[in-house]
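Chain letters run A, B, ... following the sequence lines, proteins first and then strands; every chain starts at 1.
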There are 2 protein chains.
Amino acid sequence: MPMRDDSAAVAETAAAETGTRARTRRAILDAAVALLSTDQTASLGDVAAAAGVGRTTVHRYFPERSDLLAAIGADILDKVAAATERARLDDGPASTALERLCQEFFELGDRLTLMFDVPQFMNWDGWEEETAADAALLRLVDRGRAEGSLDPEMSAEWVQNVLWSLLYSAWEHARSHGAPKHAALTLCLRTLRKAVAP
Amino acid sequence: MPMRDDSAAVAETAAAETGTRARTRRAILDAAVALLSTDQTASLGDVAAAAGVGRTTVHRYFPERSDLLAAIGADILDKVAAATERARLDDGPASTALERLCQEFFELGDRLTLMFDVPQFMNWDGWEEETAADAALLRLVDRGRAEGSLDPEMSAEWVQNVLWSLLYSAWEHARSHGAPKHAALTLCLRTLRKAVAP
DNA sequence: TGCGAGTGGAACATCGATGTTCCATAAGGG
DNA sequence: CCCTTATGGAACATCGATGTTCCACTCGCA
């Protein structure tokens with residue numbers, strides 16, 4: 001007899017759920033990210049197995065597949081927001097701040113490639129609405145163009161696209177060419193720096 | 001109605017199909033590319049409808065879904081090879097040749113995004129084996145690094161990754177931001193040029 | 001330690017995609 | 001013009017993923 005997670009609904013965003021529930025939820029979420037980033041067609045049964053829980057339990061937390069994907073999406077948005085804050089986009093030259101952001105985003109790891117690889121995410125509703133993180137990045141680029149530390153020919157949207165693409169490339173480079181992650185990040189940063197320089 | 005396609009198709013299977021068969025086959029292939037590039041989960045029924053043929057006919061040409069995907073993959077490889085030849089990678093400065101290649105690849109259009117978006121293709125066997133086009137690109141980059149027209153810090157594989165990523169970004173930029181294709185290409189070329197410059 | 005929340009697994013119903021067969025019909029080339 | 005070839009559509013079988021229900025079990029917390 002499920003308590004109809006009113007508590008969970010409330011706690012969903014910030015508050016801490018019951019220790020057990022929160023832990024299970026995270027386990028499923030993390031396993032799903034790890035698994036889906038290597039095999040986008042993985043079934044819920046696979047996710048359950050990877051998370052070390054029963055398929056029934058997965059359905060208990062995420063009634064439908066779309067619920068799971070939405071939760072992953074929300075989780076990613078959270079982490080993107082956190083990374084953006086850590087990058088302190090308003091401090092120092094815009095070009096330097098952009099590199100800090102790139103480094104922070106790089107740490108998102110699997111979640112990064114997931115956004116590109118899983119069809120569901122490319123067309124997701126969640127990206128539509130301009131997030132605070134998006135706005136901050138666009139502001140940063142505009143500032144950089146005004147300052148003269150970023151290429152004035154490139155729109156903020158284009159810089160954003162390039163940033164994400166290079167991050168994807170870096171992870172792909174590490175994954176398929178077996179390059180160490182730090183080397184991939186270095187290449188990524190170097191390429192980005194030159195690409196957006198005036 | 002490019003002559004090139006017919007000769008390529010002939011060369012492909014070494015068996016000249018009748019005009020009707022070849023035309024139907026191309027219709028299915030092209031419709032599949034166009035459809036799958038916008039909806040990776042499209043069913044064979046959808047593909048058939050988009051191609052203006054019956055579902056039965058699709059199965060007649062491609063018994064299994066995987067056969068269709070393999071055919072698309074082979075078709076893409078053909079077009080990549082053709083584009084690479086047209087770019088004359090051995091002529092002139094390496095950086096210029098790379099830009100020519102970028103322009104040629106840009107013309108691949110939907111097929112470009114398909115390779116990234118459709119899971120099946122990212123892990124496909126077909127990419128594994130080093131194609132002549134791959135080899136030519138790698139040679140080009142090495143030449144450029146030796147000449148001093150390309151960044152010596154960047155491996156040929158990385159440049160290749162960046163090239164494809166920027167192309168994907170350009171198409172995505174055109175698609176979602178409604179930018180005209182020529183503008184997207186210009187941005188792409190500018191970004192690539194700066195990124196790989198020494 | 002005992003109660004209840006949380007869990008696992010089996011069994012079942014459903015659904016859409018896939019693949020196959022068959023036949024009537026349209027199309028196209030000789 | 002006729003006959004081969006190609007096609008469309010209906011009907012059917014199959015399969016895997018999904019979602020649901022039920023019950024026994026266990027683990028954590030009071």
Self-check item: Nearest-Å distance for atom pair CG/C1', residues B:Leu44 and D:dT14
Solution: 15 Å
Quiz item: Reckon A:Thr57 has a side-chain N or O less than 4.0 Å from the OP1 or OP2 of C:dT7?
Solution: no
Self-check item: Interatomic distance, B:Arg60 CZ vs C:dC23 P [rounded to whole Å]
Solution: 14 Å
Self-check item: Side-chain N or O of A:Tyr61 closer than 4.0 Å to phosphate OP1/OP2 of C:dG6
Solution: no
Practice problem: Establish, yes or no, whether the cationic atom of A:Arg111 lies under 6.0 Å from the six-membered ring centre of A:Phe105 and within 45° of the ring axis. | Solution: no
Quiz item: Do A:Asp91 and A:Arg100 meet the salt-bridge criterion of a basic N to acidic O distance under 4.0 Å?
Solution: no
Exercise. May I ask you to verify if any side-chain N or O of A:Thr20 is less than 4.0 angstrom from the OP1 or OP2 atom of C:dG6?
Key: no
Quiz item: Which class fits the ring pair B:Tyr168 and B:Phe116: parallel under 30°, tilted 30 to 60°, perpendicular over 60°?
Solution: tilted
Practice problem: Starting from the 5' end of DNA chain C, give me the residue, A:Val53 or B:Ser66, whose nearest nucleotide shows up first. | Solution: A:Val53
Quiz item: How about B:Glu130: does its CD atom have over 12 heavy atoms from other parts shown lying under 6.0 Å from it?
Solution: yes
Quiz item: How many Å lie between CG on A:Asp67 and P on D:dT18, as a whole number?
Solution: 13 Å
Exercise. Could you check how far CG of B:Leu69 sits from P of C:dG19, rounded to whole Å?
Key: 10 Å
Quiz prompt | Lys/Arg-Asp/Glu bridge criterion (N-O < 4.0 Å) met for B:Arg26, B:Asp75 | solution = yes
Practice problem: Return the value, rounded to whole Å, for the distance between atom CZ of A:Arg21 and atom P of D:dC27. | Solution: 19 Å
Quiz item: Which of the following nucleotides, C:dG8, C:dG28, C:dT18, is nearest to the side chain of B:Arg65?
Solution: C:dT18
Quiz item: What integer distance in Å separates B:His59:NE2 from C:dT21:C1'?
Solution: 13 Å
Exercise. Quickly work out the B:Arg55 CZ to D:dA10 C1' distance and round it to whole Å.
Key: 10 Å
Quiz item: CD of A:Gln40 versus C1' of D:dA17: gap in Å, rounded?
Solution: 17 Å
Quiz item: Does A:Thr56 or A:Ser43 map to a spot on DNA chain D nearer the 5' end, using the closest nucleotide for each?
Solution: A:Ser43
